[in-house]
J.: 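Following this message is one structure expressed as structure tokens.
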Amino acid sequence: MELRQLGNTGLKLSSVGFGASPLGNVFGTVSDEQAIASVRLAFQSGINFFDTSPYYGGTLSEKVLGKALKALGVPRNEYFVSTKCGRYKEEGFDFSADRVTRSVEESLERLQLDYVDILQCHDIEFGSLDQIVNETLPALQKLKEAGKTRFIGITGLPLGIFTYVLDRVPPGTVDVILSYCHYCINDSTLEDIIPYLKSKGVGIINASPLAMGLLTESGPPEWHPASPELKSACQAAANHCKEKGKNISKLAMQYSLLNKEITTVLVGMKSVEQVEENVAATRELAASGIDEEALSEVEAILKPVKNQSWPSGIQQS
Ligand code: NAD
């Protein structure tokens with residue numbers, strides 16, 4: 001598995017990261033045994049980056065990931081873990097210094113770890129971005145100094161949140177951004193801010209290469225926020241691939257991996273089979289490149305909905 005530098009952090013992450021939201025039963029029920037086997041196979045296949053949040057499954061994802069990482073029985077410095085703060089299933093959003101400081105302690109306990117590699121403010125468009133700049137990030141800085149996290153990140157959907165925050169904090173305050181659903185076959189708008197992020201030395205995590213299930217044969221979960229038009233275009237693209245004996249998820253993984261400016265492509269996985277498929281897609285890409293014909297056919301089907309997103313967050317004043 002290829003390793004790529006994460007901005008200025010010095011971390012070398014595998015080009016595919018393990019998204020652990022499915023371990024919180026976000027995409028259907030996953031047994032502990034299945035979760036542990038999936039994490040083990042991912043690690044054995046060269047995946048060294050695991051991402052979770054207290055929000056996923058109301059803390060379940062963190063607990064299950066912690067169990068699975070412990071079961072690996074390997075030294076702590078052989079894998080990297082990111083979790084998040086500020087978004088909770090029961091409480092909603094709270095980016096106050098007090099809450100995020102307690103949050104990391106709770107996460108570490110659930111993960112059975114002494115520190116995380118990255119602590120990210122989760123979906124900041126739902127809070128006040130000025131609070132993130134003036135209160136949350138300084139609190140995270142203290143947690144970094146205390147050794148609870150090695151690096152600090154921010155996550156969310158609208159790309160403007162990243163430039164808003166990064167324009168207002170001293171260099172080195174935010175080490176990493178996590179963007180989702182903006183670098184997959186149907187939406188590549190993350191590309192527009194890559195030069196800006198690189199100029200700031202910020203590492204780039206691209207989550208949801210399968211557009212949270214839109215680019216899969218079985219389709220997205222019930223809660224997926226895409227418009228009916230976007231859902232049906234993706235369904236048509238998946239069907240087209242299937243009819244030609246091809247798999248849309250493989251193509252989607254490979255599409256996201258092609259951009260080497262992105263450090264890691266974070267895909268949610270809930271079974272050994274999915275780990276096998278995504279690792280195989282990565283190896284095949286390295287060996288023989290992407291299926292250009294299938295990609296251009298899928299791009300043509302998705303053209304009417306290209307870069308269509310959905311609203312997320314509160315209006316900033
Ligand atoms: P995704 O695009 O990675 O899709 C995940 C879905 O695809 C799941 O249903 C999974 O079971 C399925 N899948 C995985 N591999 C497959 C394959 N080979 N064939 C068919 N189906 C397959 O979306 P995601 O899980 O939402 O995103 C990945 C990760 O990124 C999350 O788990 C989370 O860790 C992170 N993330 C973070 C944020 C945020 O911070 N705001 C938002 C989205 C995602």
Side-chain angles (χ1 to χ4, degrees), residues 16-30 34-35 38-39 41-42 47 49-57 60-62 64-65 80-87 93 118-127 153-159 161-162 176-187 190 205-226 234 238 241-242 246-257 262 264-282 284 309-310 312-313:
V16 177
F18 188 106
S21 69
L23 305 191
N25 294 342
V26 171
F27 292 93
T29 308
V30 183
Q34 188 69 257
S38 304
V39 167
L41 181 66
I47 293 177
F49 178 51
F50 299 84
D51 175 75
T52 183
S53 163
Y55 175 65
Y56 301 148
L60 182 65
S61 167
E62 284 191 330
V64 175
L65 180 64
F80 304 111
V81 178
S82 68
T83 193
K84 313 195 182 80
C85 59
R87 179 170 202 180
F93 293 88
I118 310 169
L119 181 62
Q120 307 173 94
C121 306
H122 195 171
D123 291 340
I124 59 172
E125 70 270 28
F126 287 92
I154 49 178
T155 86
L157 185 72
L159 294 166
I161 59 174
F162 300 122
V176 178
I177 65 105
L178 183 157
S179 158
Y180 70 100
C181 290
H182 285 313
Y183 200 85
C184 35
I185 305 179
N186 56 296
D187 183 337
L190 175 62
I205 299 172
N206 170 42
S208 312
L210 310 183
M212 301 193 302
L214 285 177
L215 302 174
T216 61
E217 274 178 14
S218 52
E222 192 63 32
W223 51 258
H224 200 294
C234 291
C241 288
K242 198 172 178 186
K246 293 173 182 179
N247 185 302
I248 186 116
S249 300
K250 178 168 112 177
L251 196 67
M253 272 304 294
Q254 294 182 334
Y255 174 86
S256 293
L257 282 163
I262 290 167
T264 190
V265 173
L266 198 49
V267 59
M269 295 185 271
K270 63 175 182 185
S271 67
V272 163
E273 292 72 28
Q274 288 184 351
V275 176
E276 278 168 353
E277 281 175 24
N278 295 330
V279 169
T282 310
E284 201 181 297
S309 191
W310 47 86
S312 178

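Treat the numbers as computed from the prediction; the structure is a model and nothing was measured. Counting starts at 1 for both ligands and their atoms, following the listed order.
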J.: Side chains of D51 and L178: closer than 4.5 Å at any heavy-atom pair?
T.: yes

J.: Could you tell me if T83 and E62 have a donor-acceptor pair between their side chains, going purely by distance under 3.5 Å?
T.: yes

J.: Is there a polar contact, in the sense of an N or O pair closer than 3.5 Å, between F27 and ligand 1?
T.: no

J.: Considering only heavy atoms of G213, which atoms of ligand 1 have at least one such atom less than 4.0 Å away?
T.: 4 (O)

J.: Quick one: nearest non-hydrogen protein atom to atom 3 (O) of ligand 1, plus distance?
T.: G268 N, 2.8 Å

J.: For atom 20 (C) of ligand 1, what is the nearest protein heavy atom, given as residue, atom name and distance?
T.: S249 OG, 3.5 Å

J.: Atoms of ligand 1 less than 4.0 Å from D123 heavy atoms?
T.: 39 (C), 41 (N)

J.: Please check this pair: side chain of S38 against backbone of Q34, looking for a donor-acceptor N/O pair closer than 3.5 Å.
T.: yes

J.: Provide the number and element of each atom of ligand 1 under 4.0 Å from a heavy atom of P22.
T.: 32 (O)

J.: Check C184 against L215 and note the closest heavy-atom contact, atom names and distance.
T.: CB-CD1, 4.1 Å

J.: Measure the OH-CG distance between Y56 and L65 for me, rounded to the nearest 0.5 Å.
T.: 11.5 Å

J.: What's the shortest distance from atom 29 (C) of ligand 1 to any protein heavy atom, and which residue and atom give it?
T.: G19 CA, 3.7 Å

J.: Please work out, at 4.0 Å between heavy atoms, whether the side chain, the backbone, both, or neither of L210 comes within that distance of ligand 1.
T.: both

J.: Show which atoms of ligand 1 fall inside a sub-4.0 Å distance from at least one heavy-atom site of S208.
T.: 1 (P), 2 (O), 3 (O), 23 (O), 24 (P), 26 (O), 27 (O), 28 (C), 43 (C), 44 (C)

J.: Looking only at heavy atoms, which two atoms of D123 and F93 are closest? And how far apart?
T.: O-CE2, 3.8 Å

J.: Side chain or backbone of S218 under 4.0 Å from ligand 1, or both, or neither, by non-hydrogen atoms?
T.: neither

J.: Short list, please: which atoms of ligand 1 are under 4.0 Å from a heavy atom of K270?
T.: 11 (O)

J.: Does some side-chain heavy atom of S309 sit less than 4.5 Å from a side-chain heavy atom of D187?
T.: yes

J.: When you look for heavy atoms under 4.0 Å from ligand 1, do you find them on the side chain of P209, its backbone, both, or neither?
T.: both

J.: For T155, take its heavy atoms, then give the atoms of ligand 1 lying under 4.0 Å from any of them.
T.: 39 (C), 40 (O), 41 (N)

J.: Counting non-hydrogen protein atoms only, what is the nearest one to atom 38 (C) of ligand 1? Give residue, atom name and distance.
T.: Y56 OH, 3.5 Å

J.: Under 4.0 Å, heavy-atom basis, I'd like to know which part of S21 is in contact with ligand 1: side chain, backbone, both or neither.
T.: both

J.: Side chain, backbone, both or neither: which applies to E277 and ligand 1 if a contact is any heavy-atom pair less than 4.0 Å apart?
T.: side chain

J.: Closer than 4.0 Å to some heavy atom of A211 - which atoms of ligand 1 meet that?
T.: 2 (O)

J.: side-chain contact (heavy atoms from CB on, under 4.5 Å) with F27: which of S218, S21, P220?
T.: S21

J.: Ring centroid separation for F50 and F18, is it under 6.0 angstrom?
T.: yes

J.: Is there a donor-acceptor pair under 3.5 Å between the side chain of H122 and the backbone N or O of T155?
T.: no

J.: Considering only the protein, which heavy-atom contact is closest to atom 11 (O) of ligand 1, and what is its distance?
T.: Q274 OE1, 2.8 Å

J.: Would you mind running through ligand 1 and noting each atom that sits below 4.0 Å from a heavy atom of H122?
T.: 39 (C), 40 (O), 41 (N)

J.: Looking only at the side chains, is there a donor atom on one of E277 and N247 sitting less than 3.5 Å from an acceptor on the other?
T.: no

J.: Taking the side chain from T216 and the backbone from S249, do they hold a donor-acceptor pair closer than 3.5 Å?
T.: no

J.: Side chains of N25 and K270: does their closest heavy-atom pair fall under 4.5 Å?
T.: no

J.: Give me the residue, atom name and distance of the protein heavy atom closest to atom 30 (O) of ligand 1.
T.: A207 CB, 3.2 Å

J.: Does K84 have a non-hydrogen atom less than 4.0 Å from ligand 1?
T.: yes

J.: What are the two closest heavy atoms between V26 and W223, and how far apart are they?
T.: O-NE1, 3.2 Å

J.: Examine the proximity of ligand 1 to D51 and report which part, side chain or backbone, both or neither, has a heavy atom under 4.0 Å away.
T.: both

J.: In the protein, which heavy atom is nearest to atom 15 (N) of ligand 1, and how far is it?
T.: N278 ND2, 3.0 Å

